[in-house]
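The structure appears right after this line, and notes come after that.
Computed from heavy atoms alone, side chains included, the values below leave out hydrogens, waters and symmetry copies.
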Amino acid sequence: MKRKRSSSSANSSPSTAKLPSKPQTAPTETPSRPLPLPETPGRHRNHGVMDANGALGIGPPGPNGRLDSESVRSPSPRKRAPARTPLRRDAAHSVRFADDTHSPSSAVTNADHSARKKSARRIVTRVVTGGSSEDEDEEDELARRIFADSDSDEDGEDGLLPEENEASNKKGKPRGRKKKPKEPELPPETEGFESYFQQNRKARQITSNSTLSSLPSLDHGRYFQLIREHVPDHVEDRRYLEDLHKSSFAQWQFELSQGFNVLLYGYGSKRRLLMEFAKQVYTTPSSLVVINGYVPTLTAKDIFSTVAEALLGRGHTVRLGSNPSEMLDNVIALLDSEEITGLTLMIHNLDGESIRTERAQVLIARLCAHPKISLVATIDHLRAPLLWDAARASQFNFLWHDATTFAPYAVESSIDESLALIGGSGRAGGTKGVKFVLASLPMNAKSLFRVLISHQLEAMMDDPASGQGAGTNEEWGVEYKVLYQKAVEEFICSNDMAFRTLLKEFHDHQMVTSKKDSQGTEVLWAPFKKEELETILEDLVA
Amino acid sequence: MERTSSQELQDDEFDPQEHQACYIFTPEGRNDRPSKRRRTVKSKGKQSEAEIALEFSDQCPFPVLLNGSESEETVKLRYEAYCRLWGEQEARTNAILDSFNNKTLDDVSEFVKNATAESYDGKIPTALILAGPNIASHTPLFEQLASRIRDEDRTGPVVVLTSKDATNLKSTLKKLIKDATQQDEGLDDEDDEVIVGRKGARLLNYDLQILQNWCKLHEGQKVIIAIQDTEAFDGNILSDLVSLFSAYLNRIPFVLLMGIATSVEIFHEKLPKSSIRLMQGDKFDVERAEECLAQIFNDSMVSDKSVLRFGASVCDFLLERYRDHTQSIQAFVGALRYAYMSHFYANPLSIILGFVDDLVNLKDVLTTEHVEAIRNVSSFRRFVERKLADSDIAEVSKLLEDDDHVRSVVAVSAAECRSYAIEVGQALLVLEIARSCQANQTRIPRYELYAKALSGELHGSTPIVRDLLLSMKKMNSSSLLNLLDKIAAEVQVPYLVENLLPLRESIRALVEQSEETGKTTLTSEFNVTKSTLRATAVSKRIWLGEQKSSLTKQDTEYSKLVQQVHDAAEAYFGASLKGLQELFLHELFFYDLISPHRDVFAPRSRSTVERALSHPQDYLGCDCCTTDGDDEEAGIKSTQPPASIIYQLYLESGALINIFDLWSAFYQVVGGDDGEDCDEATAQALFYRVLAEMRFLGLVKYTKKKTDHLAKLAWKGL
């Protein structure tokens, strides 16, 4: 639709006028873009159209591929951090991004055409029957979008619609070259539900194919060393925040004394803060129980037995029962007895994964509803409040306090998965992990793995291209049958079943990947880099 | 400084307790591990609220206010005032709550006592308990019911089943039998007897035969099965249970209690007709929550007993929250309590509330700092300005300079505030009564009008009052007398007593007179219908004339009296319904700070996290990240915390995020132009840490859709 806004006189036959005008449009657009990308004018312009129109990505692909240009748009600080970003990223990566995606097949294109025809027809009939074009209903909106990728600023000019649509429709020319007068480009929506729909579009989901393999790997030791050496930012300001929270300790304490429970939320680890608070609340021995909800092994039973221990003293002989709800009943009975004055619970991460289940929450809520129990808890997960329905929430009787600290979640969040994922290509904790796994396996399995990687290494050596771009190793993989033969020859296993069992172990630890190639033969390979394979092999034969 | 903090970080990492699931806390340096601690039994008995308060008065939890110049004594007084006033309020509130519950409990326990299969045509006696939509109150309700029936009435064991217990029929029966047979005293000895079947074989633990045997041992006991959340129950299990109960009904005297949060119709739809037919019984409406709220509200806000009341905006906020979100009386009471807490905790002047009944001694308590604080109250300013407008210069200068004068004025004003609140309450009551006497009016409870009255939006000429006054004028004698009687019975307002009672007497006299003539009710001349079918003005006038002339002499006299009643009522409403803005010291008697309540009861935790990440400068207040003015293009700065840099990149990206691209974008921001700001390895470590945090916060998850990609899980600002 943009094209008719440009000026109807100049554009009466849009499709012809457009192509020549392409080069001129680029310069006019550039200044208003916050930050020009060093691209070809064609892609560049196309890109701009994308942004302004929020295309659905259904239209026929243009010669230089709208999708391609879109694929470049993975997260980039381009808009926000001027000057430095573009140079770097495009120099480094645009090669990889470009032309990764192929244009849709012709069937899709035809389908798109017919969708466009339909929508054009629809728009035409609407205008002919004189429906008011000011307010479009949803369907019309959709039709319009399919037709022209435009979802804004088109009201009031609908009078021109029919002939133009028909014209472009008949010619069936590839659209997408649109001359449009420059208007300030809106940055893509980053907030609210609009952004959800925008970002979930097909086109937006296409990302570049780069992987983390080019990143140097980082193991635990190095990671913690680096983090420790790193000088944290905003030390003063964080301390100020923390002091601010500390100044309300007295208030929290008063609130606890009045039968409310306190819940702290906000970004940043609240562990230290809570432990400080614990020191203040602490009065008599065994009056305070700390529960680390982020510990993956925590169960409701642990909580109850610790509470009972706090109430009765260490080494008590009271039998609490075996299942959690029975234990809870007994603990509550203990609390009801008169000699107990009260107990404070501090739960770090009430939304921790180990106690996130409804069952655990029900039990904890029942415990905390007891008047002699005071609870101070923290939550971090964005959707943590959804853990509790009305009944639960009223049992917890929380007063919420914002305790944003900006402290890193050093203890709570587990770095393992990040490291495993990103630690080079290292699955299962990198090569180190592989060594551990191998060490725990029987001789046969070790030999099998040795056979596999030596084969793979051989293939790598033969291929001069190896070593560069460590993308996928499958080209150097070993055929299933070949590997099996080898294994049998070396007396590693005698039948297919045993072979599969051995392989399964490797699969489970992500040490072996397999894929069926185009002929249907299964290819196996270890997803590691050459150097890594070498170290593993060295270890194996040593 | 920076050194120390990273040192701290290090220390943190090696705390062994960090990774212990749960432990008993002992602060560092105090290794008082209690060996075999048997708590020394203090003969404390039942600790009442008051006792705890007493205990606390030694170590007062209230802070010293007025910039630290508040004297210790007044802090303590403030705390005592809180304990006393809230204690009174709480006692009244609890009494109301109990009375509401008790009625239901009485009814249900009566039903259970009388229920036998014979009296219900051999069907299962069933009580449908309509407990209302607030599921938070269901558990306590059923607990109360159970303890009442089991322990007080001793009608038999009560088994409360919730949908969570009932995953399948077998486990449900298991629980049912276990709960029913063990609730009673010493189960162990008779255990064997019960679970042995007829042929001496051990019964399976879900065989109702066990329960039957138990019943044989306990003659005359009923087995009460309470199903707390019928809606959430699996329909098949429920109907199976019902048919089982019905089959055993001749051997086990079952009574069913069904908790229903929605409506009986929905319950009917849930079960097949065949199951419904097996039950017969009664429906018990748990006292309407609205009514309960109204009573508690009237008691805490409108009645003359309460001291601290809500101001208009807090009141609106809480009622809206009640209506739209919680539907929970408990939440409302909690909010009421929190209002008391925050008022007395943070407002040094709240001490005045403690002396409402003892204004003489108030003067001695108020220190110079208190007086100074009073001068800073906004209503003081308005008060002085009003005096100034009246050209009462001497008074103004005294107010500003003479502390003692202020003290005495405060005492007077406190009394005024109190009486104002009472007056408003009474006016609302009168209004409610008067409106209830009119047939066609929809009921508007007092709590709806209260906030309006305080903010001055409800006065003599608002539609509600005007309509009332107009319809009063049109009343015939019997309904007007009825209204006046009711008002006289319910409220003791001097003004109304003085003005309306004589009128009532004369109306009554008039009615008696006319009764002699055979006319029992007198009509007001204002009631003459003006609407007529006649078209022309003349004929209309003639018609009206006819109507008027049909009125008797007594009617005319009555009309005059009606006019007087109307005038008196109008004057009354006009005088007593006015906003509190004019009132000196209204801040103390009407708690109207909305933000504490909103923060603690209706927090926006998600947007708090999002804000912290996207605008860290809002929290950190640092110069390096704060941008002045032009927000739009400011964007991501390398000085911001790594997490917020990545979060902002995350916001811009699509639903799938390539980790490597995210990393390179991050490194471009952090590393500066040539990577001199931060070496790559450190940046990488930070990046990993932030990714782990993002996953921890629930912003992303790893996806297998594509290698090395993250899936976005949260969209900002939803």
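Note: Thr306(A) leads Ile291(A), Leu298(A), Thr306(A) in heavy-atom pairs under 4.5 Å with chain B. Heavy-atom pairs under 4.5 Å with chain B peak, among Arg392(A), His401(A), Met275(A), Arg383(A), at Arg383(A). Ranking Leu226(A), Asp237(A), Val290(A) against chain B, the residue ahead of the rest is Val290(A), based on heavy-atom pairs under 4.5 Å.
Using a 4.5 Å cut-off between heavy atoms, Gln225(A) makes no contact with chain B at all. Of the atoms belonging to Tyr265(A), it is side-chain heavy atoms, and not backbone ones, that fall under 4.5 Å from chain B. In this structure, chain B has a heavy atom under 4.5 Å from the side chain of Val362(A), while its backbone stays farther away. Of the two parts of Asn397(A), neither the backbone nor the side chain holds a non-hydrogen atom closer than 4.5 Å to a non-hydrogen atom of chain B. Using a 4.5 Å cut-off between heavy atoms, Val289(A) contacts chain B through both its backbone and its side chain. In this structure, chain A has no heavy atom under 4.5 Å from any part of Ile645(B). Proximity to chain B involves both the backbone and the side chain of Asp380(A), based on heavy atoms less than 4.5 angstrom apart. For chain B, the nearby parts of Tyr196(A) are the backbone and the side chain; heavy atoms of each come within less than 4.5 Å. Within the 4.5 angstrom heavy-atom criterion, only backbone atoms of Phe398(A) (N, CA, C, O) approach chain B. Using a 4.5 Å cut-off between heavy atoms, His381(A) contacts chain B through both its backbone and its side chain. Contacts of Asn349(A) with chain B are made by side-chain atoms alone, with heavy-atom separations under 4.5 Å and no backbone atom involved. Using a 4.5 Å cut-off between heavy atoms, Pro641(B) contacts chain A through both its backbone and its side chain. Looking at Leu382(A), the atoms closer than 4.5 Å to chain B (heavy atoms on both sides) sit in the backbone and in the side chain alike.
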Candidate pair Val295(A) and Gln20(B), rule side chain to side chain contact (heavy atoms under 4.5 Å, CB included), full reasoning: CA-CA 7 Å; Val295(A) 173; Gln20(B) 201 176 332; over 6 Å; no
Show your working on side chain to side chain contact (heavy atoms under 4.5 Å, CB included) between Asp599(B) and Asp402(A) and close with a plain yes or no. CA-CA 8 Å; Asp599(B) 289 348; Asp402(A) 180 356; over 6 Å; no
For side chain to side chain contact (heavy atoms under 4.5 Å, CB included), just list the numbers for Leu241(A) and Thr405(A), CA-CA rounded to whole Å, side-chain angles, deciding distance to a tenth of an Å, and then say yes or no. CA-CA 6 Å; Leu241(A) 262 182; Thr405(A) 61; 5.6 Å; no
Show your reasoning for whether salt bridge (charged side-chain N to carboxylate O under 4.0 Å, His left out) applies to Arg337(B) and Glu90(B). CA-CA 8 Å; Arg337(B) 173 169 206 157; Glu90(B) 192 183 29; 3.4 Å; yes
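Under the rule for a salt bridge (charged side-chain N to carboxylate O under 4.0 Å, His left out), the partners of Asp233(A) that lie at least two apart in sequence or sit in another chain are Arg238(A).
For Tyr267(A) and Tyr647(B), the ring centers sit 6.0 Å or farther from each other. No close placement of the Tyr82(B) and Tyr340(B) rings is indicated, their centers lying 6.0 Å or farther apart.
In Gln280(A), the CD atom is crowded: over 12 heavy atoms of neighbouring residues, nucleotides or ligands sit closer than 6.0 Å. Summarising the local packing, CD of Glu353(A) is surrounded by 12 or fewer heavy atoms from other residues, nucleotides or ligands at distances under 6.0 Å.
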